[in-house]
Number of protein chains: 2
Amino acid sequence: MLQRRDVHNSDIPALCHACEARHRGLCGALDPQQLIALSKTSSRREVPTGAELIGEAELVERYSNVLSGVVKLTKTLKDGRQQIVGLQFAPDFLGRPFKAESAMNAEAVTTVSLCSFPKATVERMMKESPELERRLLNQTLKQLDEARDWLVTLGRKTAAEKVASFLLLIARNIDPTGGSDTRSKAFDLPLTRSDIADFLGLTIETVSRQLTKLRTQGLIRIENNRHVVIHDIARLERRAGQ
Amino acid sequence: MLQRRDVHNSDIPALCHACEARHRGLCGALDPQQLIALSKTSSRREVPTGAELIGEAELVERYSNVLSGVVKLTKTLKDGRQQIVGLQFAPDFLGRPFKAESAMNAEAVTTVSLCSFPKATVERMMKESPELERRLLNQTLKQLDEARDWLVTLGRKTAAEKVASFLLLIARNIDPTGGSDTRSKAFDLPLTRSDIADFLGLTIETVSRQLTKLRTQGLIRIENNRHVVIHDIARLERRAGQ
DNA sequence: CGATAGTTTGACACAGCTCAATAGGCGTGG
DNA sequence: CCACGCCTATTGAGCTGTGTCAAACTATCG
């Protein structure tokens with residue numbers, strides 16, 4: 001244990017006090033001393049919609065926790081066709097461990113607040129704390145599960161099912177209503193139609209047509225293009241093909 | 001360290017002696033004592049083409065290493081549409097850690113030889129050996145990278161590009177020629193046209209048509225339906241859209 | 001209110017699907 | 001060794017869901 005003990009044992013850094021990552025995120029694996037050590041080199045920042053967090057084939061020196069907002073991970077073919085390969089919500093971890101270069105692009109699709117730390121510090125702590133590594137493994141496994149679910153959506157579902165699946169995915173991850181009503185759900189879409197198309201492997205027009213169809217059939221309501229109300233989740237799930 | 005030391009330190013279990021998993025697979029993380037302990041509860045077996053290794057929503061009590069052959073991981077929608085969400089080659093690890101129930105189906109697409117161990121033993125060893133957990137994390141990260149690459153293929157590539165991408169994927173993972181010729185490559189397809197279709201999100205007919213197109217254009221040669229020769233890998237890569 | 005970016009709607013084209021028939025590979029048994 | 005049947009793969013013809021291109025509409029913000 002190389003951990004220095006010259007700091008008071010009990011207190012949690014002010015930076016971390018109200019931080020969600022300390023409860024549900026990776027930082028929950030750290031003890032107070034480790035939190036203090038990490039917080040010395042970590043920095044919180046707020047980035048606006050559209051900000052590029054990591055460029056494709058760019059060197060990555062910092063890892064981040066997403067504290068609020070939504071980040072899209074994209075890959076692009078040479079001729080410009082784009083695919084979103086992951087959406088990160090709070091308190092997800094951002095960055096590919098053990099690789100210097102990023103294989104994809106990360107961009108804020110809403111205002112995003114981040115807490116980021118030097119790669120080296122995190123990797124050292126991972127060696128010292130099996131619990132931290134365990135959490136990272138668990139998050140990676142969860143992301144793999146999600147990616148594989150999405151393979152089914154992209155490979156085998158119709159446009160209508162894709163759009164329904166997307167709405168349910170967002171509803172599951174963004175829940176301002178707190179789940180008081182289990183039947184219906186309301187939220188602001190974090191993505192534009194163009195992002196939704198890139199996520200579903202469709203065009204903007206097809207996404208738009210499918211949303212209108214769901215609207216005219218009374219499954220959802222849309223206000224101001226962004227705010228969505230799902231009237232009956234079970235019914236939408238049936239439309240999503242399971 | 002709860003590891004018993006009542007066994008001779010030096011020798012490696014006969015079972016593991018020529019095993020590839022000890023070099024490139026997970027077992028490489030284990031010291032001789034751990035190998036001996038694990039080998040006591042592990043068993044090797046050979047399963048024929050078509051054998052179901054894990055059923056969807058089935059309880060999983062054993063993990064396995066793939067020692068040779070190819071395993072497909074599939075998910076199925078209620079109405080029977082199927083999607084292959086992963087292919088496992090030697091020396092990949094089979095099984096979802098920390099989950100009792102499998103979210104997908106695993107089936108041998110060739111004759112497969114496996115070495116499997118009780119879940120509990122592996123999970124105990126993971127707590128004792130950070131190196132083992134590290135390897136598992138690395139394999140999971142690699143699979144996540146692969147799944148995300150495949151999302152691009154399913155979401156944004158044309159049928160022609162999908163088939164070319166598939167041939168390159170197989171060529172990369174099965175290499176009987178040992179890489180003597182860097183320009184061309186030959187191998188037996190482990191999958192039927194129906195499996196290829198399920199992997200690419202296409203129909204059998206479209207796969208077949210795209211293969212004949214590649215054949216008539218002189219990019220590949222096909223013998224007996226299964227044996228494929230890629231004449232010029234770089235040219236096929238261009239057809240795969242990167 | 002105009003300007004701008006995002007979204008919806010319409011008309012048409014085409015890639016890939018469906019259905020159907022044919023061809024090829026391979027094991028079994030005469 | 002050939003004949004038969006079975007299974008898989010190929011090829012063909014027509015259909016349809018989604019893409020393309022273009023125009024109209026709507027929110028938002030100076």
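Only a predicted model underlies this, so the values are computations on that prediction, with no experimental measurement involved. Chain identifiers are assigned alphabetically (A, B, ...) following the order of the sequence lines, protein sequences preceding nucleic acid strands; residue numbering begins at 1 within each chain.
- A salt bridge does not link B:R235 with B:E237: none of the charged nitrogens is closer than 4.0 Å to a carboxylate oxygen.
- One interatomic measurement links the two molecules: NE2 of A:H227 to C1' of D:dT28, which rounds to 18 Å at whole-angstrom precision.
- Between A:R62 atom CZ and A:L94 atom CG the span is 12.5 Å, to the nearest 0.5 Å.
- Rounded to whole Å, atom P of C:dG24 lies 13 Å from atom CG of B:N224.
- Between the CG atom of A:D198 and the P atom of C:dG6 there is a distance of 13 Å, given to the nearest Å.
- Ring geometry, A:F199 versus A:F166: the interplanar angle exceeds 60°, so the pair is classed perpendicular (tilted spans 30 to 60°).
- When each of C:dG25, C:dG16, D:dT18 is scored by its nearest atom to the side-chain atoms of A:L202, the top-ranked nucleotide is D:dT18.
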Evaluate side-chain hydrogen bond (donor to acceptor under 3.5 Å, both in side chains) for A:E52 paired with A:N105, printing each intermediate quantity in order. CA-CA 8 Å; A:E52 181 179 280; A:N105 191 287; 3.1 Å; yes

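- A salt bridge links A:K99 and B:D145; the closest N-O separation between the charged side-chain nitrogens and carboxylate oxygens is under 4.0 Å.
- To the nearest angstrom, P of C:dG10 lies 15 Å from CD of A:Q210.
- As a whole-Å value, the separation of B:I196 CD1 from C:dG16 P is 16 Å.
- Here D:dT18 presents its P atom at 13 Å from CZ of B:R156, a figure rounded to the nearest Å.
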Letter by letter from the 5' end, nucleotides 5-16 of chain D scores (B base, S sugar-phosphate only, - none; protein heavy atoms under 4.0 Å) ----SBBBB---

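- Look at CG on A:D195: it is 16 Å from P on C:dA5, rounded to the nearest Å.
- Between B:R226 and B:D188 there is no salt bridge, since no side-chain nitrogen of the basic residue lies less than 4.0 Å from a carboxylate oxygen of the acidic one.
- Atoms CG (A:L200) and P (D:dG17) sit 18 Å apart, rounded to a whole Å.
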